Amino acid sequence: MRARYNALKGFEDILPPSSGLWKELEDKASRVFLSCGYNEIRVPIAESTDLFARSIGETSDIVSKEMYTFMDKGCRSMTLRPEGTAPVARAYVEHNLSILPPPQKFYYAGPMFRYERPQKGRQRQFHQVGVECFGAGAPEADAEVIYMLCRFLEAAGVRDFRLDVNSIGDDKCRPVFRQRLVEFFAPVKNELCPDCQRRYEQNPLRILDCKVPRCVELRANAPAITDSLCDECRAHYENVLGFLDTLGIKYNKNPLLVRGLDYYTRTTFEARSSLLGAQDAFAAGGRYDGLVEEFGGPSTPAVGFAVGMERLAGMLEGNAALPVMDAFIAYIGNGTPQRALKLAAGLRENGCRVELGFGGSLKSQLRKADKHGARFAFIIGEEELASGMVKWKDLKQHTSGETPERDAGLLLKT
RNA sequence: GUGGGUGUAGCUCAACGGCAGAGCACUGGACUGUGGCUCCAGGUGUUGUGGGUUCGAAACCCAUCACCCACCCCA
């Protein structure tokens with residue numbers, strides 16, 4: 001049998017038991033975020049193309065080649081969101097949330113879209129949960145956001161990861177650093193890989209995270225951005241690091257960590273794991289103090305992060321399991337389906353997970369009961385129909401007996 | 001967009017150019033109304049698709065599609 005249709009390239013179904021793991025992760029995320037004063041925001045999955053082009057950066061790969069952009073019937077150019085920060089910032093400005101007492105803190109979860117070649121840990125439709133905090137410029141806010149990420153990862157059961165932190169400065173000091181980098185690489189420009197020669201022109205900071213061995217050698221003595229920070233940015237960075245120490249959060253200072261989105265300022269951070277493939281960063285974020293203003297709002301500092309759900313779930317796949325049923329009802333004979341349905345309804349309304357046999361021999365139904373991991377199996381046949389009793393089997397303790405049907409629920413409480 | 005790899009049963013994978021198979025899973029039975037363990041039986045296949053070479057192709061060649069991995073970039 002050949003399926004007539006397949007999911008689109010890079011778009012995938014999330015089936016049980018994996019979907020159960022996802023649900024659990026999303027629940028844990030919202031619990032942690034709510035505890036820190038973040039409330040859920042739901043924003044559209046499409047925005048005007050311009051919103052992303054302006055915020056992420058016209059020259060970034062995301063904008064220049066990875067966006068799902070199309071014209072609607074009114075000839076408006078719209079784009080399926082490639083990330084969550086820009087839409088949330090847009091909503092913040094559009095609804096004048098800056099008049100509310102700062103900070104305003106939001107979390108979101110949902111699909112993002114980038115037109116890329118799929119590979120391990122990368123789909124065209126992928127999912128993120130993220131947080132955005134507006135109106136807090138203090139380094140405590142950076143620390144709180146990183147703390148939340150760590151709390152969430154801990155709750156999710158992620159152990160094997162590494163947290164990199166860096167500061168990429170602001171409008172004042174980053175251009176200075178950029179110039180220093182250009183000067184540093186100028187003499188060896190021709191030895192850089194072709195990609196880095198392009199980066200040299202477009203975004204020299206990206207040379208810092210090239211993987212080509214020769215480029216790694218060439219940058220060995222390159223200036224570090226953290227040595228070029230202005231006084232304000234340096235103080236901010238040192239405070240953030242100090243607060244992370246206070247919170248007992250372990251991190252690596254990584255001066256090579258540069259992020260691909262134009263709107264980042266000062267703090268950037270990234271969590272990666274060796275459990276993943278080449279795309280090993282499963283969460284990342286940073287400060288973006290200029291974005292709200294860019295969207296026409298008042299100058300508003302902001303900081304946030306996003307977690308890639310596919311990558312996170314990929315690290316935890318072993319934890320995915322179907323939930324175990326509390327009881328299984330096997331029935332056979334005329335008139336027994338009605339009795340089974342009623343018994344199931346009663347138990348379910350008491351909060352039990354109950355599965356029905358749905359026909360077949362008694363043996364096959366009990367086999368199913370076992371496969372569902374049910375502790376109890378109830379058996380209703382024509383004898384029980386006449387007597388008003390149900391037979392029960394404790395499938396774990398290998399005991400069995402008979403009980404009036406209305407007392408079946410009591411067994412499950414033991 | 002670039003490079004490499006793989007397409008055979010629901011899943012994991014075998015089969016030198018010579019009858020398409022195994023394990024797991026599934027269903028039934030042994031035990032006619034009682035799970036797990038054991039044994040027996042069942043069988044789903046246009047070998048991704050289209051062409052070519054050949055007496056003969058799952059295998060070789062070409063094309064195409066899909067998926068995987070990696071690069072670029074990113075979560």
Side-chain angles (χ1 to χ4, degrees), chain A residues 1-3 5-10 12 15 56-57 59-67 81-85 109-130 149 193-196 198-199 202-203 206 209-212 258-261 269-273 276-286 304-315 328 330-333 336 357 359-385 391-398 400-402:
Chain A
M1 279 252 286
R2 242 171 60 240
Y5 297 108
N6 299 87
L8 298 171
K9 182 197 283 285
E12 58 178 20
L15 305 173
I56 297 169
T59 61
S60 72
D61 275 43
I62 291 180
V63 172
S64 59
K65 60 179 199 190
E66 295 174 0
M67 295 208 302
R81 62 185 187 192
E83 56 107 35
T85 298
M112 308 292 165
F113 304 84
R114 290 181 200 172
Y115 191 88
E116 301 178 275
R117 194 84 151 242
Q119 69 180 81
K120 192 177 181 63
R122 166 179 293 157
Q123 281 73 44
R124 290 182 172 179
Q125 175 178 331
F126 62 105
H127 298 77
Q128 294 185 331
V129 299
L149 174 60
C193 71
D195 283 324
C196 280
R198 178 176 52 78
R199 293 178 180 123
Q202 289 180 358
N203 190 352
R206 298 223 63 93
D209 64 2
C210 181
K211 293 173 185 170
V212 175
V258 293
R259 305 220 43 80
L261 283 56
F269 55 95
E270 186 170 277
R272 55 181 64 219
S273 171
L276 298 167
Q279 310 308 319
D280 58 354
F282 61 91
F305 67 74
V307 179
M309 287 296 294
E310 280 80 0
R311 294 183 186 180
L312 181 65
M315 302 166 59
F328 188 98
Y331 52 93
I332 189 162
T336 59
S361 68
L362 188 58
K363 173 189 278 297
S364 72
Q365 294 189 53
L366 286 169
R367 250 201 282 255
K368 276 194 231 172
D370 193 57
K371 290 197 173 99
H372 279 98
R375 178 171 168 207
F376 282 100
F378 292 106
I379 298 166
I380 301 172
E382 289 176 13
E383 286 170 26
E384 289 75 22
L385 217 52
K391 293 244 174 66
W392 59 265
K393 280 173 82 79
D394 185 323
L395 298 176
K396 304 287 187 228
Q397 297 185 14
H398 314 286
S400 59
E402 202 175 23

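It should be emphasised that the depicted structure is a prediction, and the values quoted were computed from it without experimental measurement. Order of the sequence lines sets the chain letters (A, B, ...), proteins ahead of strands, with each chain counted from 1.
Atom CD1 of A/I332 is separated from atom P of B/U32 by 11 Å (rounded to the nearest Å). The CG-C1' distance, from A/L362 to B/G28, rounds to 15 Å in whole Å. B/C73 atom P lies 18 Å from atom CE of A/M67, rounded to whole Å. When the C1' atom of B/G1 is taken as reference, atom OH of A/Y115 falls 10 Å away, rounded to whole Å. Atoms CD (A/E116) and C1' (B/U2) sit 14 Å apart, rounded to a whole Å. For A/K371 and B/C24, the NZ to P distance is 13 Å, given to the nearest whole Å. The nearest whole Å value for the distance from the CZ atom in A/R367 to the P atom in B/U27 is 7 Å.
Residue A/F282 forms a side chain to side chain contact (heavy atoms under 4.5 Å, CB included) with just one option from A/E310, A/M309, A/R311, and that option is A/R311.
Distance noted for atom C1' between B/A14 and B/G29: 30 Å (whole Å). As rounded to the nearest Å, B/G7 and B/A59 have C1' atoms that lie 13 Å from one another. B/U49 and B/U8 have their P atoms separated by 10 Å, with the value rounded to a whole Å. Rounded to the nearest Å, the gap between the P atom of B/A57 and that of B/G51 is 13 Å. For the C1' atoms, the distance linking B/C26 with B/C11 amounts to 11 Å, nearest Å. B/U44 and B/C39 have their P atoms separated by 24 Å, with the value rounded to a whole Å.
Side-chain atoms of A/K363 lie closest to B/C31 of the nucleotides B/G33, B/C31, B/C73. The nucleotide whose nearest atom lies closest to any side-chain atom of A/L366 is, among B/C73, B/U27, B/U34, B/U34. The side chain of A/S361 sits closest to B/G29 out of B/G29, B/C67, B/C73.
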Give each protein N/O atom lying under 3.5 Å from an N/O atom of nucleotides 68-71 of chain B, with the pair distance.
unit_1, atom_1, unit_2, atom_2, d
B/C69, OP2, A/K120, N, 2.9
B/A70, OP1, A/A278, N, 3.0
B/A70, OP2, A/Q119, NE2, 3.2
B/A70, OP2, A/K120, N, 3.4
B/C71, OP1, A/K211, NZ, 2.8
B/C71, OP2, A/Q279, NE2, 3.2

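Using a 4.0 Å heavy-atom cutoff across all strands shown, A/E382 reaches at least one base atom of the nucleic acid. Here A/K9 lies in heavy-atom contact (under 4.0 Å) with sugar-phosphate atoms only.
Salt bridge A/R367/A/D370: absent, no basic N to carboxylate O contact under 4.0 Å.
Comparing A/F126 and A/L395 by the nucleotide of RNA chain B that holds the closest heavy atom to each, the one mapping nearer the 5' end is A/L395. When the nearest nucleotides of RNA chain B are assigned to A/D61 and A/D370 by heavy-atom distance, the more 5′-ward of the two goes with A/D370.
Remark: A/R124 is not positioned above the aromatic ring of A/F113, lacking an NZ or CZ atom under 6.0 angstrom from the ring centre and at most 45 degrees off the axis.
If you check distances only, the side chain of A/E384 does reach the base of B/G33 with a donor-acceptor pair under 3.5 Å.
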- request: Convert the base pairs of RNA chain B into dot-bracket notation, remembering that pairs crossing earlier ones are written with [ ] and that bases paired across to another strand are shown as |; include only Watson-Crick or G-U pairs under 3.5 Å.
  value: (((((((..((((....[..)))).(((((.......))))).....(((((..]....))))))))))))....
